Every structure is written in structure tokens, then in C-alpha cells.
Amino acid sequence: MSAVRTEEADSGAPILEAQGLTVRFQGEDGAETLAVDGFSLTIRPGEFVGIMGEPGCGKSTAAIALMGLVRPPGRIAAGSVHFLGRELLTLADGELAAIRGRDIGLIVQNPRTSLHPMLSVGNQISRVYRAHNKVSKKEAWQHAIDMLRMVGMNDPERRVKAHAHELSSGMTQRVLIAMAMSSRPKLLIADEPTSGLDVTIQAQFLDQMWETANQTGSAVLLVTQDLGIIANYCDRVLIMEQGRIIEEAPVRQFFQAPEQDYSRRILATQRQVGGDTSGEAHHGELTDAETIIRVAGLYKQFPIRGSDQKVHAVDDVSFDIRHGEALGLVGESGSGKTTVGRCLVRLEEPTAGEILFHDAALGSIRRAAFVPYRKAIQIVFQDPFDSMNPRWTVEKVLTEPLDLHTDLTAEEKRARVVELLEMTGLDAALVSDQPRQLSAGQQQRVVIARAIATNPEFIVLDEPTSALSPETRVEIIQLLMQLSRRLGFAYLFISHDLTTVKVICHRVIVMYLGQIVEVGDKDAVFGEPRHPYSKALLASHLFPDISDRRVDRAERVTLEGEIPSPVSLPQGCYLYGRCPSQKAACAAMPQQLSAMPDGREIRCWRVTEGDFSATDQD
Amino acid sequence: MSIAEPDGRQDAPAPKARRFARMDRFGGNKFLVFGLFVVALSIFLAAFGATISPYDPIEATGDISVPPPPLVEWPNLFYLALSGQLEQPPHWFGTDQSGLDVFSRVISAPRADMSIALGGALISLFLGTFLGLIAGFYRNWATELMMRVSDVLQAFPVFITAMILVALAGRETGNLVLALVLVYTPIFIRLTRAEVMSQSARGYVQAAWAVGNGGFKIAVKHVLPNSLVPSLVQLSVTVGFAIILTAGLSFVGAGVRPPTPEWGIMISVGATQLILGEWWPSIFPGLAITITVFGYAVVGHAIEQKFREA
């Protein structure tokens with residue numbers, strides 16, 4: 001935040017200049033494949049450059065090859081990399097190693113496996129520092145503490161002694177930045193550093209990286225698949241396809257006028273989804289639609305083995321779903337949103353509370369008695385491959401619900417399977433394929449086909465798109481919207497992907513630590529979130545919208561720290577300690593979900609009692 | 001496949017050196033052919049060994065302690081035997097001190113050895129897989145009790161347990177099979193249970209519940225077929241161990257009764273003569289055991305590879 005930056009590259013000599021970098025891999029049959037083909041890139045001080053592309057397009061390989069590194073069967077076949085005036089690719093190994101870590105930092109994805117499990121984080125950071133600087137162990141240790149403080153770790157004197165398993169994933173990521181930044185490198189290469197992190201943590205992390213880079217005047221090269229990250233943080237973007245750079249443009253120009261078909265396509269798919277529902281008018285029909293699911297006071301606690309304590313996964317959750325409605329359920333991991341969905345389809349036994357389906361009380365009946373209702377209540381899981389029996393064919397997968405819930409003849413079932421495939425946009429020839437022969441998108445279509453096989457009234461969609469690539473994600477979302485319009489089923493869309501929820505849902509529930517903190521119409525909640533948590537969640541989400549870049553905002557709303565343990569719940573407001581607008585009174589005051597005059601429900605006394613508008617304008 | 005595949009892993013082919021991959025495939029195949037041949041031969045001899053043997057395996061020939069003919073003479077002897085120019089078939093492996101033809105006994109022994117070992121291993125497989133499925137799928141006090149019982153059975157040394165069981169129940173073939181079943185079933189229970197527990201947490205089992213299957217159906221239709229690999233791999237290893245155990249029990253006098261042709265008995269009978277330089281009565285059955293156990297192990301390894309790829 002301290003440094004003022006313009007979007008265009010700062011003037012000055014380039015830090016790194018790559019020319020025609022080419023990486024080849026030799027396959028088992030001896031044939032060579034070109035992973036990176038003529039990669040050229042110039043990075044100037046203070047730049048934040050993004051590389052984007054489909055999985056397997058060579059973006060990670062290219063980024064790592066800039067440091068002279070390639071995974072074993074591959075080799076750098078041609079090209080040059082000038083770094084601060086030196087040619088890296090012809091340097092001796094020892095000299096190259098000295099530059100890596102000192103002048104070029106690397107942050108890889110999957111922080112957990114990147115830390116040594118048996119060394120304290122301070123030890124690991126100071127080792128990296130000492131490898132490049134002649135300092136004593138004591139100085140290096142002190143430096144490690146300073147670095148941890150710089151990356152926003154609270155209580156660094158204590159954390160420095162921690163081991164990897166004692167840290168949460170967000171903190172582990174910070175340790176990795178601290179390690180990569182310890183020698184103040186001129187260039188930081190980050191390979192999908194936030195994949196698998198929650199949006200709030202992702203925003204904390206990227207903000208931190210952005211600020212650290214600014215403070216130290218270094219440049220960042222970020223490999224990602226996420227348009228949101230590109231739009232919000234990068235100055236310049238490179239699009240790669242099949243090992244080649246097909247487009248390079250300043251970020252604004254890229255979003256306003258992409259040059260290449262591929263770029264236009266990925267941007268268009270994003271907008272297509274956006275445009276598809278904004279004009280959608282089925283809100284009106286819904287107001288008087290019949291309520292089909294009514295959840296009242298749902299609790300779910302998981303006992304912890306060998307302990308009296310419990311995990312409070314779901315804590316007094318109530319909501320309704322109307323016929324044909326698309327209800328979004330959002331929150332960080334650990335918010336209990338998946339457990340709510342699993343209770344609705346009775347994959348978990350609710351600890352307390354009632355679930356009414358029309359007039360039938362489903363929360364309290366025996367599990368076996370629930371079976372007939374499975375025809376009407378279905379679920380789609382996150383990982384499509386995992387949710388099909390790996391030894392079964394598509395036909396068998398799709399016939400199973402028909403066998404269980406219908407009296408169709410074998411002939412009619414076959415016809416129905418073909419019909420289901422056609423409805424989900426799949427080729428009927430796939431019936432004899434096994435799940436592993438299908439692409440991830442096809443797998444998820446089959447799973448959706450299975451869910452709609454018995455014409456259900458209600459489907460729980462548990463993060464159905466989070467395991468898919470951005471393009472496939474858009475296709476699946478369009479399919480779901482089209483099917484729900486055609487078949488008229490209602491659904492609960494559980495997701496941490498706010499872009500998607502914004503597009504397909506009528507109403508949104510925001511959950512935090514097992515509780516609902518805000519409920520309201522999609523437009524209302526997204527347009528003007530009221531609960532501090534909803535505000536922070538929305539502010540942290542990286543919408544691919546360059547007119548409102550996170551780095552350009554005057555105030556970047558964020559949550560401190562991470563979601564508390566659901567084992568020992570806080571006394572007062574669950575958000576106390578993380579909330580940007582907390583008061584002393586919040587610490588001991590349990591919050592109630594209260595209805596507002598405009599139909600929204602909010603769990604924050606400052607909002608519902610109007611305390612906010614009075615005092616928080618400072 | 002659980003999370004979107006990071007592209008780094010996709011652009012880099014598996015870092016296994018090509019040369020080794022090829023050697024493994026080549027060598028693997030050669031061994032597998034050998035293994036399959038051994039398995040087929042063992043089963044064939046179990047069925048027909050006694051029928052095709054040149055001498056009656058339990059009737060003395062009168063030639064006492066005849067050494068086997070030198071290897072160089074075998075082709076000629078073979079020709080002569082085939083063309084009917086010999087009065088009596090040659091003693092390929094010599095004869096023991098009672099005048100029994102070693103070759104005839106070695107190829108007749110699989111009837112006892114293989115039926116006990118295969119029978120014991122197969123019954124253990126079925127019983128253990130079934131019990132393991134139940135123990136892994138339904139976790140309650142009854143299945144916990146079952147696991148504790150199988151822990152106790154596994155805690156004793158296999159050989160001692162089997163010996164005590166046979167000593168108590170009598171040296172009948174049925175009792176030997178029973179002893180093997182008691183000793184080996186816990187292994188299959190434990191293997192299957194562990195796999196069932198990990199499979200039950202998989203998404204497709206959750207999906208099977210959500211689709212509306214009953215518990216038993218899910219266990220049998222979904223979980224069981226996906227939990228068999230470890231047991232199938234273990235089966236061939238167990239057959240090998242069971243052969244050794246059967247022969248071992250006979251060797252110490254707790255197995256099949258002499259003069260039934262059986263490898264363990266043959267080794268034990270021949271062992272007394274080893275010191276006199278009569279190596280053949282015990283070396284040949286010993287080799288037979290070694291080759292058979294090795295063959296089954298190779299097949300087991302191949303099954304494992306096959307399923308790992310799938």
C-alpha cells in the first residue's frame with residue numbers, strides 16, 4: 001500500500017530478459033515433445049506479470065525454466081535468459097544455485113509439501129538466508145523473525161519455532177513467501193500459489209505479496225488459471241497455448257480488447273454466464289411459489305474420538321427453499337456449508353432440528369425410511385470422478401437410480417439413459433465407457449445426469465464446479481441453469497466461488513463457523529453486503545473485473561487471521577477478533593439472526609440495531 | 001483428480017527413466033510366463049500327477065538308494081524310454097532308501113500339497129473377504145470383537161498355531177485345511193477391512209447412498225468389487241506360504257501321514273540320508289517347493305501390477 005504504482009511498467013533496465021526459451025521433454029517412446037516453444041519475456045523492476053493458460057500449456061514449465069530448472073526428462077533446448085545482465089543458462093551449476101534463492105525467489109503451489117516436516121520454520125528460513133549471506137546463526141534467526149513479521153504473521157517470535165504441521169495452510173503460505181523473500185530477491189516466481197486456499201486467505205496472501213514486492217522493489221511473475229487474480233493484481237498478462245505465448249498485453253487492454261481467439265473465448269465465456277441471468281425474470285414467479293424444503297434449527301455436531309469435546313459443524317441453521325429456486329450457500333472452508341447439504345440428503349444424521357420436505361418430516365425419520373425420498377432429493381458432489389464407481393460403465397451408473405426408483409423395463413431404461421445423456425449434452429456412444437475414459441467435464445455431466453434421472457424436485461450441488469478448469473466450469477454452470485429451467489427443480493448451490501453464485505442463484509445464504517450470518521436476495525447481498533463477514537468475503541473475492549481492481553481500492557477490506565476452531569466456539573460474536581468493525585461489547589455478546597424490514601436476515605447487533613450507521617462512518 | 005490438476009504435473013511426463021521402464025516390462029513378462037506355467041503345472045499335477053507318474057509313488061521298486069542318472073545321459077535315456085527300448089522307465093531323480101521312485105513321488109505330491117494349500121488359501125480368501133467386508137462396512141461392537149479375535153489368532157506364530165491345531169484335531173487332510181484357514185483368514189479379514197474402510201469414504205459410496213441403495217447392496221455391489229485387489233494379491237503369496245506350511249508340518253510329523261507322496265515328508269525322510277551323501281531324495285522335493293512358491297509369488301506380483309494400472 002505504501003508505494004504508489006502505475007499500471008504500466010516502471011521505467012528502468014529490465015530485471016530479466018528471456019529470448020526464445022525452448023523446453024523439450026523426451027517421452028518413453030523416445031519421441032520429443034515441445035513443452036515450451038520460443039518463450040520470450042521481459043520483466044522490469046516493480047512489475048507484476050501474470051502467465052495464464054489451460055492446464056498443460058507449459059506455463060509452469062516456462063516459469064521454472066527461467067531459473068534454469070526443468071523436471072528430469074526435460075531439457076532446455078534453446079534460448080537465453082538474461083538476468084541482471086548475466087546469462088543464466090550457461091552459468092555453472094554452483095553460480096546458478098547462488099542466484100536462485102538470493103536473487104530469484106520461488107513460491108510453489110501446495111505449501112504443505114514444500115516445507116520440511118521436521119525442521120522449525122525459523123530454521124528453514126534462516127538456512128535459506130545463510131546459504132546466500134554470510135551471517136551467524138543468531139542473526140539469521142533474527143532475520144527469520146523479521147521476515148515473518150513482514151509477511152503479516154502475528155506473534156512471529158513464537159511462530160518462528162513452529163513446525164509445518166502446527167500451522168494452518170494460510171500461515172504455511174506466508175512462511176513460504178517469507179522464505180522466498182528472505183534475501184530480498186529481485187524477482188519472485190509464484191506458481192499457482194493460492195490454489196486450494198479460501199478467498200479470504202487468498203486475498204490476504206496476494207495483498208501481502210503485492211505489498212512485499214512493492215516495499216522491496218522486486219518484480220513478480222505469477223502463474224495462474226484464475227482470471228480474477230490476473231484482473232486484480234497483474235500489470236501485464238501473458239496467455240500461453242501449447243507451449244507458445246499467443247498474447248501479451250497490459251491487463252486493461254487484455255480485458256477490453258483481447259487479440260487472440262483463445263483470449264476472447266475465455267473472456268467471453270465469463271461474460272456469457274454473467275449475461276445469461278442478469279435479465280432473467282424468474283424472480284417474480286418465485287415469490288408465490290410453494291416452499292418445498294423447510295430447515296428449522298438444524299444442528300450437527302461430530303464427536304471427537306477419545307474426548308468429550310465436539311466439533312460444532314452446524315449451529316442452529318434455518319432456511320426455506322421454494323419450488324424451482326436456486327439458493328446459494330457460501331462461506332469459507334470450515335463454515336459448515338457442506339455439512340448442511342449432507343444433512344439435507346441424509347448423508348449425515350442431524351444432531352437436532354427438523355427438515356420438512358413438503359409435509360414430511362425428514363430430519364427425524366430413520367435412515368431407511370428416507371430411501372423413497374431419494375427419488376425427489378438428489379446431490380451432486382465436488383469430485384465427479386470420485387463419485388462414480390470406477391469399475392462401472394456410464395450406462396450402469398445411470399441405470400442404478402432407475403433400477404431403484406422406477407418400474408421401467410430394460411428397454412425403457414436404455415432409452416431413458418440415452419435421453420439423459422442427450423439432456424446433459426453427451427454423446428450416446430459414451431454409454432459403454434468407464435469414468436476414467438471421460439474428461440472431467442464429461443464426468444460431471446454424467447453425475448448430473450444421474451442426479452436428474454428420477455426427476456427430482458430438489459438437488460444439493462456441493463461445489464460441483466470447483467474441481468473443473470475455468471472453461472469447463474462455465475459449461476457446467478450453463479448446463480445446470482438450463483436443466484433447472486427445463487425440469488423445474490430447486491437447488492442448493494454450495495460454493496466458495498462467488499462469481500458463480502452471483503450468476504446462478506436467486507437468494508444467497510452466507511455461513512460462518514456453522515451459523516448463518518446473512519440471508520437475502522442475490523442482488524441485495526452482492527450489491528450491498530451488510531454483515532461484516534459478508535463484506536469481507538465479497539471484498540476478498542477476486543471478480544474478473546478491471547474497473548474495480550482490489551489493488552486500486554482505497555481500503556482493502558479483509559479479515560484478520562483465520563476461521564477459529566469449531567471445537568471451542570467463541571463466547572460472544574463468532575467473528576470477534578477478525579471483524580474490522582468490532583466493538584468491545586461484541587466479545588461477550590452472542591449474536592442472533594434478526595430479520596430486517598427489507599426481508600434480509602443478518603446476525604450482527606450493530607447492523608440490526610442501527611449502531612453501524614450511527615458510529616461507523618468515521 | 002480431487003482438485004483441479006495443476007498444470008506443472010501435466011506438462012512433465014513421469015520422471016521414470018525410459019530404460020528402466022522397458023527392462024521392467026520385459027523382465028516382468030518373462031517371469032510372468034514362467035509363473036503362469038508353474039501355477040498351471042502345479043494344478044495339472046495335483047489332478048493327474050499320480051496317474052502319469054512312471055512308478056507307483058507308494059510302492060517300493062526294489063532299487064534301493066539309486067542315484068539319479070547324470071544330466072548328460074538324460075536326452076539319450078529320454079529317447080530310449082520313449083521308443084520303448086528300456087525294460088523299465090528310468091529313475092530320473094533316483095530312488096530313496098526304501099526304493100520309492102523320487103520322480104514319481106515329486107510329481108504325485110501336488111495332490112496332497114496343492115489341495116491342502118490351495119484349499120486352505122481359497123477358503124481363507126472367501127471367508128476373510130466376507131468377514132472383512134462386514135467388519136469394515138459395519139463398525140460396531142460385534143465386528144470389533146471379531147477383529148480382536150483375529151488379532152489373537154495372528155499373535156501366535158503361524159507354524160506353532162497350525163501344529164497345535166493339528167495335534168489337537170488329528171492328522172487328517174480336512175484338519176490341515178482347517179488349520180490353514182484359521183491361520184490365514186485373519187490376514188484376509190484385516191486386508192479387506194482396511195480397503196473397505198478407505199473405499200467407504202470415497203465419493204462413489206456416498207453417491208450410492210444418495211441414489212437410494214440399502215447398506216447391504218452398497219457393500220456388495222459397490223464396495224466389495226473395489227476392495228478385492230489387496231486380497232487377490234495376497235492370495236498367491238498365501239498359497240506359497242501355505243505350501244511351505246503344509247510341507248513344514250509334514251516335515252515335523254504333524255502333517256500328512258507317510259507314505260502319502262508329499263514334499264515335506266520326502267525331505268524329512270531323505271534328510272536322514274543326506275549325511276551319507278544321498279542328496280537326491282530331499283533336494284528334488286525341496287526344489288519343487290521353491291519353484292512352486294516362486295511361481296505363485298510372480299503371479300501375485302503380476303496381478304498387483306495389473307490392478308495398479310487400472
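The structure displayed is predicted, hence computed values, not measured ones. For the numbers below, each heavy atom of this structure counts, side chains included, while hydrogens, waters and symmetry mates do not. Within every chain, numbering begins at 1; the chains are lettered A, B, ... in the order of the sequence lines, protein sequences first and strands thereafter.
The contact list for residues 203-224 of chain B toward chain A, using heavy atoms and a distance under 4.5 Å, reads G203(B), Y204(B), Q206(B), A207(B), W209(B), A210(B), V211(B), G212(B), N213(B), K217(B), K221(B), H222(B) by residue number.
Heavy-atom pairs under 4.5 Å with chain B were tallied for A63(A), P390(A), P372(A), A368(A); the largest tally goes to P390(A). When each of R346(A), Q378(A), Q434(A), K375(A) is checked for heavy-atom pairs under 4.5 Å with chain B, Q378(A) comes out on top. By number of non-hydrogen pairs under 4.5 angstrom with chain B, the leading residue of V371(A), N389(A), V460(A), V345(A) is N389(A).
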Only pairs under 3.5 Å count here: list side-chain donor-acceptor contacts from residues 119-140 of chain B, not counting sequence neighbours, and write none if there are none.
unit_1	atom_1	unit_2	atom_2	d
S124(B)	OG	G120(B)	O	2.6
T129(B)	OG1	L125(B)	O	2.5
N140(B)	OD1	A142(B)	N	3.1
N140(B)	OD1	T143(B)	N	3.0
N140(B)	OD1	T143(B)	OG1	3.4

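In Q242(A), the CD atom is not crowded: 12 or fewer heavy atoms of neighbouring residues, nucleotides or ligands sit closer than 6.0 Å. Within a 6.0 Å sphere centred on CZ of R416(A), other residues, nucleotides and ligands contribute more than 12 heavy atoms. Environment of CZ in F357(A): crowded, with over 12 heavy atoms of neighbouring residues, nucleotides or ligands closer than 6.0 Å. Within a 6.0 Å sphere centred on CZ of F458(A), heavy atoms belonging to other residues, nucleotides or ligands number more than 12. Counting heavy-atom neighbours within 6.0 Å of R148(B) CZ, excluding the residue itself, gives a total above 12.
The side-chain heavy atoms of R202(B) and S387(A), taken from C-beta on, include no pair separated by under 4.5 Å.
Contacts of R342(A) with chain B are made by side-chain atoms alone, with heavy-atom separations under 4.5 Å and no backbone atom involved.
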